[in-house]
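Heads up: the structure comes next, in structure tokens.
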Amino acid sequence: MVPASGGVVLVVDLDAHGPRMPVSSVGGGHQVGVLGVPGEVGGDVRALRDDLQAFLAGIVEASADELGGEALALERRTDTGVGEHPAAVTVAVVQLAHVVAVDDQVVPARGAVPFVRDRDVHGPTMPAACGVETWNEAAAGWLGPSPARRRRRRRPRPDSSRERGPVRWPAMAKAPVLTPQADDFPRWYQDVLAKAELADNGPVRGTMVIRPYGYGLWERMVAEVDARIKDAGAENAYFPLFIPESYLTREAEHVEGFSPELAVVTHAGGKELDEPVVVRPTSETVIGEFMAKWVNSHRDLPLLLNQWANVVRWELRTRIFLRTSEFLWQEGHTAHATEADASAYALRILEDVYRDFMVDVLAMPVLIGRKTKQERFAGATNTLACEAMMGDGKALQMGTSHELGQNFAKVFDINYQSAEGQQETCWTTSWGVSTRMMGGLIMCHGDDKGLVVPPRLASNQVVVLVIKDEDGVGAAAEALVDEIRAEGIRVKLDDRTDTSFGRRATNWELKGVPVRVEVGPRDLVNGEVTIVRRDTGDKRQVGIAGLASDLPGILDGIQADLLAAATARRDARTVTVTTIDEAREAAQTGFARIPWAALGEEGEALLARDAITVRCIQSADGEVPASEDEPGTIAVVARAY
RNA sequence: CUGGCCGUGGCGCAGUUUGGUAGCGCACCGCGUUUGGGACGCGGGGGCCGUGAGUUCAAAUCUCACCGGCCAGACCA
């Protein structure tokens, strides 16, 4: 984008909102001028665009003629802001090789370009140079007369100004609501968080505010996961936010793993505390302390506890939902009489609670497997995990289940008397899923139109949209909503007809509601409504009678299709390799499967230099290996969040 | 913590090089016309210019320090 030496870059900003940072956009210092155009879509912007296209084409021709065919690069970029923009920001950057002549006017260097009246090279300031009149006046000398345009401007606009000729630049044809994923995935993620009203940054660094729509999705996750945890026999309890610092220090590996990210309270009640208390980063220690009290006999085992709570880990780099200083989660803690029992329970949680929820409800085809020693939880003897692939091919750990061996039981004295009358030490587990799953949901199914929520998760599965309240549309929509609700579907009525249809339709798309039903007077006279699938965009007219009873099947279809699409994408981006170099290469775009025997801890360390980690180790059949040294296992490696 | 970019109404950004009246688009409010894919006209409201010192007659603009955000790392759910 930055021109060769001696070059000149012309930046033309066709945004309907005026120039926006073209200087930095092109790297600075080389631009000769900026045309900013205020106005509205369908108005002068379109006319200007036509002229500017001709103008740019003119430059191309002119430079070819004048410079003996020397090449000239014409680039087009689309950029978007986050505001509620009706049009994309389109910046055309023309890189002029040396000198350009247009309409007999030679433009040799910066500063000499006549079409911007501003003194500076940073682009016109809004009031001074952005006005259309200024543009006309200034551009006349450069562009030459543009009779067509002037004619258009003077004449009263025809009734439909938006039907002006075809737009030749696709980038201007349709304004993206969000930064496209392909342009900048992290930016897209931020845009979705804001525009789907999911979450905001909190005032303290690394914290987040979960907005009602986002929290509604989390509540649905909680409900589904909680039901499965209870099915697995665990009961909910609640332990304190504050933990004595001394608890943490009892388990050596645990304290080493968590110390750097602890938030510690040293003062309270106006004075310094005798012993500082830490804000829990996880609750193995307090819960261990109380398990020790509650477990006496083998009859007390297994003790299966869970709590829904917030925890705090002072992370160095945070990102909403994926890694925040404070997050919400569920942490299960269990104590068992035998290692085999603990081990089986940790696996049961992974498969029956986590994988089942993620695959069946979130429609995310997660991989399950063991973590390497390197990736293991601090204090665990074995860590199992669910790993999902995001839309950009990177991995996200969605949930973990740990076997803690007797590490915690020993230091917290979780002992029991066996049937034989012996004192025995318990075997414990811990397992959790967090608000991070929200990030996984967004990045797994989301597209350039926003979030896509699988029907089984959706807090609103169907939205019924009143296009305009005429000819009984409102009443028909209300009746339809009642009918749909009677089918047990979570349905929302949108009758805010003081907001235009298009805006509301776009908003529900951003929020990812699986099915939109549009009720308008035109369809209604035929007894029909329009239904639109969020995932495919498929839109059709259907009879209003019988729609409600068809919806459960439609929602099931969407659920299945989302899982199939995510699975297909994951598989397409997963490569089976045999060497470390191949794995490194494959992990640039997705997952690589490599025999653990071919990788090993040395290979793991090697890949780590390129930010590639072993996500999990699987048996050849994709299941969880029975032991650390099971032969023939496969390591799945990837870049990860 | 390291490197890069960046902090100006709710959001996105001009303005800083060369100190001198704080601006634009979107969003918001009112009225009217609209509503089948982010409507339009007219009229409005809203800003300790991230914070603190310093230089100056004068600081969004110059200097220093600090804080915060984004991206890439190290750490991790």
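The sequence lines fix the lettering, A, B, ..., with proteins before strands; numbering per chain opens at 1. The basis for the numbers below is simple: all heavy atoms, side chains too, and nothing from hydrogens, waters or symmetry mates.
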Practice problem: Do nucleotides 69-74 of chain B as a string where each nucleotide becomes B, S or -: B if the base has a protein heavy atom under 4.0 Å, S if just the sugar-phosphate does, - if no protein is that close. | Solution: SSSBSB
Quiz prompt | Paired nucleotide for B:G54 [Watson-Crick or G-U wobble; both distances under 3.5 Å] | solution = B:C62
Quiz item: So what does A:Arg516 touch, heavy atoms closer than 4.0 Å: a base, only the sugar-phosphate, or nothing?
Solution: base
Quiz item: Taking the same atom, C1', in B:U61 and in B:A22, what whole-Å distance lies between them?
Solution: 12 Å
Practice problem: Identify the nucleotide, in any strand shown, that forms a Watson-Crick or G-U wobble pair with B:G45, with both distances under 3.5 Å; if there is none, say none. | Solution: none
Quiz item: Taking atom P of B:G37 as reference, at what distance in whole Å does atom CG of A:Asp494 sit?
Solution: 15 Å
Self-check item: Test salt bridge (Lys or Arg N to Asp or Glu O under 4.0 Å) applied to A:Asp494 and A:Lys492, step by step
Solution: CA-CA 6 Å; A:Asp494 180 356; A:Lys492 185 166 181 73; over 6 Å; no
Quiz item: Which listed nucleotide (B:A27, B:A77, B:U35) is nearest to the side chain of A:Arg503?
Solution: B:A27
Quiz item: On a whole-Å scale, what distance lies between the P atoms belonging to B:A65 and B:G4?
Solution: 15 Å
Exercise. If B:U35 has a Watson-Crick or G-U wobble mate with both distances under 3.5 Å, name it; if not, just say none.
Key: none
Quiz item: Who is the Watson-Crick or G-U wobble partner of B:C1, with both distances under 3.5 Å?
Solution: B:G73
Practice problem: Provide the distance between the two C1' atoms, one in B:U63 and one in B:G44, to the nearest whole Å. | Solution: 41 Å
Any N/O pairs under 3.5 Å between the protein and nucleotides 30-34 of chain B? List them or say none.
none

Quiz prompt | Same-atom distance (C1') from B:U55 to B:C64, integer angstrom | solution = 11 Å
Exercise. Taking atom C1' in both B:A53 and B:A59, compute the distance separating them and give it to the nearest angstrom.
Key: 13 Å
Self-check item: Selected nucleotide, minimal atom distance to A:Thr506 side chain, candidates B:G36, B:G38, B:A77
Solution: B:G38
Self-check item: Aromatic ring pairing A:His402/A:Phe377, orientation class (parallel under 30°, perpendicular over 60°, tilted between)
Solution: parallel
Quiz item: For A:Gly432, which contact category applies under a 4.0 Å heavy-atom criterion: base, sugar-phosphate, or nothing?
Solution: nothing
Quiz prompt | Nearest-Å distance once atom C1' is located in both B:G47 and B:G9 | solution = 4 Å
Exercise. With sequence neighbours excluded, tell me which residues meet side-chain contact (heavy atoms from CB on, under 4.5 Å) with A:Gln330.
Key: A:Val225, A:Ile229, A:Asn306, A:Trp308, A:Tyr354, A:Trp431, A:Val433
Quiz item: For atom C1', what is the distance between B:G10 and B:C66, given to the nearest Å?
Solution: 27 Å
Self-check item: Pairing nucleotide - B:U16, Watson-Crick or G-U, each distance under 3.5 Å
Solution: none
Practice problem: Tell me the partner of B:C11, counting only Watson-Crick (N1-N3 plus N6-O4 or O6-N4) or G-U wobble (N1-O2 and O6-N3) with both under 3.5 Å; none if nothing fits. | Solution: B:G25
